[in-house]
Amino acid sequence: MRSISGRGLFTGTGLIIAGLAATLVALVFPIWSYADRSGTGVDTLNAESVSTSFGPLSAQDREFVTKVRLAGLWELPAGQQAEDRGTTRAVRTAGEHLVEGHTFLDARVRSVAARLGLELPNQPSEQQRAWLATLSAARGREYDRQFANILRAAHGKVFGLVAQIRASTRNSLVRDLADDANTTVLDHITVLEATGLVDFDALARDAASASAPPLTRSPAPAGPKSSPSPPVPATPTPTYSLPPAATARPSDDGADGTADGGAETGDNKS
């Protein structure tokens, strides 16, 4: 009996010690694992980037270059089709802008891809081919409406990607391409909206359905109780002294230095 009780006491104490040790390991393990953990956003960025003479080229940069090429593969023929089928001058003008913009942008993206050693697609994606098929099947005013809305929705999605790339890329060629794409896409959005056929409610619903729902539901903001007062301009108080204002534009005949120098000397004397 005495030996059995002793063995039971020893077993119970061992279990308590083992439980405490397991708890300590459970507390320490997350700290250790996160301290030596890979797979964070920065780790992924570095792992998927390659070095080039124009700066690091990330996976997102490469995807952007590909998408610029894909956009031209279907939007250029869509623009050519709108030039022929559009029933209004505004629709035909939008088609002209699409042809001109993507002819330029496609030449740019092929040049950038060649300098970065990237392979580009030569066929539109399955979804883009479906859009072209929808346009080809439409006629008259229905064609105008489908053209304006399909192309406007596609450009709206690309517009956000262009801004993201322009803000974050470390590659100078990709940055320049994003500048050109931004100008082109914004021009196309403008002329498509000028047709007067864009369904902005549908665009808003599509954007809302694609975004993540808010964590909490906030009530609708109350309307203004009264008209706000006009803003009062604030007078800045600079902590540095400003140089004197120029009184004349420097001449272009090479005597700029002499003229400026004389004026500066006069100021110093005064």
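Remember, predicted model here, so these are calculated numbers, not experimental data.
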Q: Please report the closest heavy-atom contact between A82 and G95, naming both atoms and the distance.
A: CB-CA, 3.9 Å
Q: Is any side-chain heavy atom of L192 less than 4.5 Å from a side-chain heavy atom of I189?
A: no
Q: Would you mind reporting whether N182 and F159 have side-chain heavy atoms less than 4.5 Å apart?
A: yes
Q: I'd like to know whether CD of E100 has more than 12 heavy-atom contacts from other residues, nucleotides or ligands below 6.0 angstrom.
A: no
Q: Would you mind listing the cluster partners of L70? Hydrophobic ones only (ILVMFWY), side-chain contacts under 4.5 Å, chaining allowed.
A: L73
Q: Find the distance between CD1 (I150) and CZ (R145) and round it off to the nearest 0.5 Å.
A: 8.5 Å
Q: For F200, is there any backbone N or O sitting under 3.5 Å from a side-chain donor or acceptor partner on R152?
A: no
Q: Excluding sequence neighbours, so at least two apart, what forms side-chain contact (heavy atoms from CB on, under 4.5 Å) with A59?
A: E48, R62
Q: Determine whether a donor-acceptor pair (N or O, by modelled atom type, separation under 3.5 Å) exists between the side chain of N171 and the backbone of G55.
A: yes
Q: Looking only at heavy atoms, what is the nearest atom pair of P77 and G72, with distance?
A: CD-O, 3.8 Å
Q: Using the test side-chain hydrogen bond (donor to acceptor under 3.5 Å, both in side chains), find all partners of T169 that sit at least two apart in sequence or belong to another chain.
A: D61
Q: Roughly how far, to the nearest 0.5 Å, is CD of E83 from CD of Q81?
A: 11.0 Å
Q: Verify, without hydrogens or angle tests, whether H102 (side chain) and L98 (backbone) share a donor-acceptor contact under 3.5 angstrom.
A: no
Q: Determine, using ring centers only, whether H188 and H155 are less than 6.0 Å apart.
A: yes
Q: Can you classify the ring geometry of W131 versus W74 as parallel (below 30°), tilted (30 to 60°) or perpendicular (above 60°)?
A: tilted
Q: Restricting to non-hydrogen atoms, name the atom on S168 and the atom on Q164 that form the minimum distance, rounded to 0.1 Å.
A: OG-O, 2.8 Å
Q: How about S58 and E63: do any of their side-chain heavy atoms sit closer than 4.5 Å?
A: no
Q: How would you list, by chain and number, every residue that makes a side-chain contact (heavy atoms from CB on, under 4.5 Å) with A163, sequence neighbours excluded?
A: none
Q: Rounded to the nearest 0.5 Å, what separates atom CG in L135 from atom OH in Y143?
A: 5.5 Å
Q: Distance-only check: which donor-acceptor pairs under 3.5 Å involve side-chain atoms of residues 112-126, not counting sequence neighbours?
A:
from: N122; atom 1: OD1; to: R69; atom 2: NH2; distance (Å): 3.0
from: S125; atom 1: OG; to: Q128; atom 2: N; distance (Å): 3.3
from: S125; atom 1: OG; to: Q128; atom 2: OE1; distance (Å): 3.3

Q: Working note: R92 + E96, criterion salt bridge (charged side-chain N to carboxylate O under 4.0 Å, His left out); need CA distance, chi angles, decisive distance, verdict.
A: CA-CA 6 Å; R92 293 192 295 271; E96 293 171 2; over 6 Å; no
Q: From E193 CD over to L203 CG, what is the distance, rounded to the nearest 0.5 angstrom?
A: 8.0 Å
Q: I'd like to check the salt bridge (Lys or Arg N to Asp or Glu O under 4.0 Å) partners of R129; sequence neighbours left out, ordered by chain and number.
A: none
Q: Does any N or O in the side chain of S209 come within less than 3.5 Å of the main-chain N or O of R205, such that one atom is a donor and the other an acceptor?
A: yes
Q: Nearest heavy-atom pair of A78 and F147: which atoms, and what distance?
A: O-CE1, 3.8 Å
Q: Apply side-chain hydrogen bond (donor to acceptor under 3.5 Å, both in side chains) to the pair T134 and Q146, showing each step before the final yes or no.
A: CA-CA 8 Å; T134 299; Q146 292 279 14; over 6 Å; no
Q: Determine the minimum heavy-atom distance between A94 and T195, stating which atoms define it.
A: CB-CG2, 4.4 Å
Q: So, does D144 use its side chain to make a donor-acceptor pair with the main chain of G86 at under 3.5 Å?
A: no
Q: What are the two closest heavy atoms between V109 and D106, and how far apart are they?
A: CG1-O, 3.2 Å
Q: Apply salt bridge (charged side-chain N to carboxylate O under 4.0 Å, His left out) to residues D179 and R175 and explain how you reach the verdict.
A: CA-CA 6 Å; D179 284 338; R175 192 176 304 119; over 6 Å; no
Q: Would you compute the distance between atom CZ of R166 and atom CG of L177 and round it to the nearest 0.5 angstrom?
A: 11.5 Å
